[in-house]
Number of protein chains: 2
Amino acid sequence: MTITPNYRRIVDDIKQQIADGRLTPGDQLPTVAALCKQYGVSTTAVRNAMLLLRDQGIVEGHQGKGVFVKGA
Amino acid sequence: MTITPNYRRIVDDIKQQIADGRLTPGDQLPTVAALCKQYGVSTTAVRNAMLLLRDQGIVEGHQGKGVFVKGA
DNA sequence: CCACATTTGTCCGTATGTATC
DNA sequence: AGATACATACGGACAAATGTG
């Protein structure tokens, strides 16, 4: 069971980008469609990742605008 | 944001059942299919609820067995 | 104010893999 | 070998909010 699901890989990757400073509070993430292509996965995987990241208070999504890194 | 999505209603409801003592650590939750009928929603809503509850460490899912309330 | 495109949020159905019984 | 049940994944649909013209 050492396999890592796609949605968790995305979650971890975005968390890492924030930890590395490649993403800072207020930054906008790529659109869902862009992330699908970037990671080569379906909308569901990206959606699940966003669901967890939002639930953990790491990002904030706004309809019609995008997903943004939540400020501290 | 006065509306509450189905998956969050399920999350809150199960949390409430735990808080009320109607569900105690080790208890098995109804199957996904049963929860779908119980709440009148699709598998996706139930599965999203399980995704969040697992991520929050409230429940534990085991393939072939079921979903169980995690011990404190 | 209205129409339109963009983007996220939610939801539905289904298929496949894997673990348990 | 088969049934049960969760985990992951794919695809598509509609609503709501935003921005632009």
Side-chain angles (χ1 to χ4, degrees), chain A residues 1-19 22-72, chain B residues 1-19 22-72:
Chain A
M1 292 268 292
T2 46
I3 57 141
T4 308
N6 289 335
Y7 71 86
R8 193 156 296 279
R9 287 199 356 254
I10 298 176
V11 167
D12 292 342
D13 187 52
I14 291 178
K15 279 186 180 177
Q16 191 61 48
Q17 290 188 38
I18 295 175
R22 284 177 291 165
L23 282 177
T24 57
D27 278 358
Q28 179 172 4
L29 270 62
T31 66
V32 172
L35 290 172
C36 288
K37 292 188 178 177
Q38 179 179 329
Y39 290 98
V41 298
S42 70
T43 62
T44 311
V46 174
R47 254 203 75 262
N48 282 348
M50 293 303 162
L51 189 64
L52 291 180
L53 287 171
R54 272 187 299 150
D55 194 68
Q56 293 176 13
I58 297 176
V59 302
E60 233 178 62
H62 296 282
Q63 290 181 345
K65 294 175 64 178
V67 179
F68 302 84
V69 178
K70 210 165 173 181
Chain B
M1 293 275 288
T2 46
I3 57 144
T4 307
N6 288 336
Y7 71 86
R8 193 158 295 279
R9 286 199 356 254
I10 299 175
V11 167
D12 292 342
D13 187 51
I14 291 178
K15 279 186 181 177
Q16 191 61 47
Q17 289 188 38
I18 295 175
R22 286 178 289 165
L23 283 176
T24 57
D27 278 359
Q28 180 172 3
L29 270 63
T31 66
V32 173
L35 290 173
C36 288
K37 292 188 178 177
Q38 180 178 330
Y39 291 99
V41 298
S42 71
T43 63
T44 312
V46 173
R47 289 231 34 70
N48 280 349
M50 294 303 160
L51 188 63
L52 292 180
L53 287 171
R54 271 188 301 151
D55 194 68
Q56 294 176 12
I58 296 176
V59 302
E60 233 178 64
H62 295 282
Q63 291 181 346
K65 293 173 65 178
V67 179
F68 301 85
V69 178
K70 210 165 173 182

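Chain A is the first sequence line, chain B the second, and so forth, proteins listed ahead of strands; every chain is numbered from 1. Excluded from the calculations below are hydrogen atoms, water molecules and symmetry mates; all remaining heavy atoms, backbone and side chain alike, are included.
- T31(A) comes within 4.0 angstrom of sugar-phosphate atoms only, judged by non-hydrogen atoms across all strands, and of no base.
- The residue among G66(A) and T44(A) whose nearest nucleotide of DNA chain C lies closer to the 5′ end is G66(A).
- Side-chain atoms of P5(B) lie closest to dC11(C) of the nucleotides dA7(D), dG11(D), dC11(C).
- Contacts of N48(B) with the nucleic acid, taken as non-hydrogen atoms under 4.0 Å apart, are absent.
- Heavy-atom nearest nucleotides on DNA chain D were determined for V41(A) and for H62(A), and the one closer to the 5' end corresponds to V41(A).
- Between D13(B) and R8(B), none of the side-chain N atoms (NZ, or NE/NH1/NH2) sits under 4.0 Å from a carboxylate O, so this pair counts as no salt bridge.
- Counting heavy atoms from C-beta outward, F68(B) and V59(B) have side chains that stay 4.5 Å or more apart.
- The residue R8(B) sits apart from the nucleic acid: no heavy atom pair falls under 4.0 Å.
- Rounded to whole Å, atom C1' of dT4(D) lies 11 Å from atom CD of Q28(B).
- A donor-acceptor pair under 3.5 Å is formed between the side chain of D27(B) and the backbone N or O of T24(B).
- Atom OH of Y39(A) and atom C1' of dT8(D) are 18 Å apart (whole Å).
- In the set dA7(D), dC10(D), dG13(C), dA7(D) carries the atom at the smallest distance from any side-chain atom of Q63(B).
- Note: NZ (K37(A)) to C1' (dC10(D)) measures 16 Å, nearest angstrom.
- Mapped onto DNA chain D by nearest heavy atom, A45(A) and G64(B) fall at different nucleotides, with G64(B) at the one closer to the 5' end.
- Not one side-chain nitrogen or oxygen of Y7(B) sits closer than 4.0 Å to the OP1 or OP2 atom of dC11(C).
- Atom CG in N6(A) sits roughly 18 Å away from atom P in dT16(C) (whole-Å rounding).
- In this structure, the CZ atom of R54(A) is 6 Å from the C1' atom of dG9(C), given to the nearest Å.
- Nearest-nucleotide assignment on DNA chain C puts the 5′-proximal partner with K65(A), out of K65(A) and L51(A).
- Side-chain atoms of Q28(B) come within 3.5 Å of backbone N or O of K65(B) as a donor-acceptor pair.
- Using a 4.5 Å cut-off on side-chain heavy atoms (C-beta onward), R22(A) and Q16(A) make contact.
- In this structure, the CG atom of L35(B) is 17 Å from the C1' atom of dC12(C), given to the nearest Å.
- In this structure, CE of M50(A) is placed 17 Å from C1' of dA9(D), rounded to the nearest angstrom.
- Remark: C1' of dA13(D) and CZ of R47(A) are 13 Å apart, rounded to the nearest angstrom.
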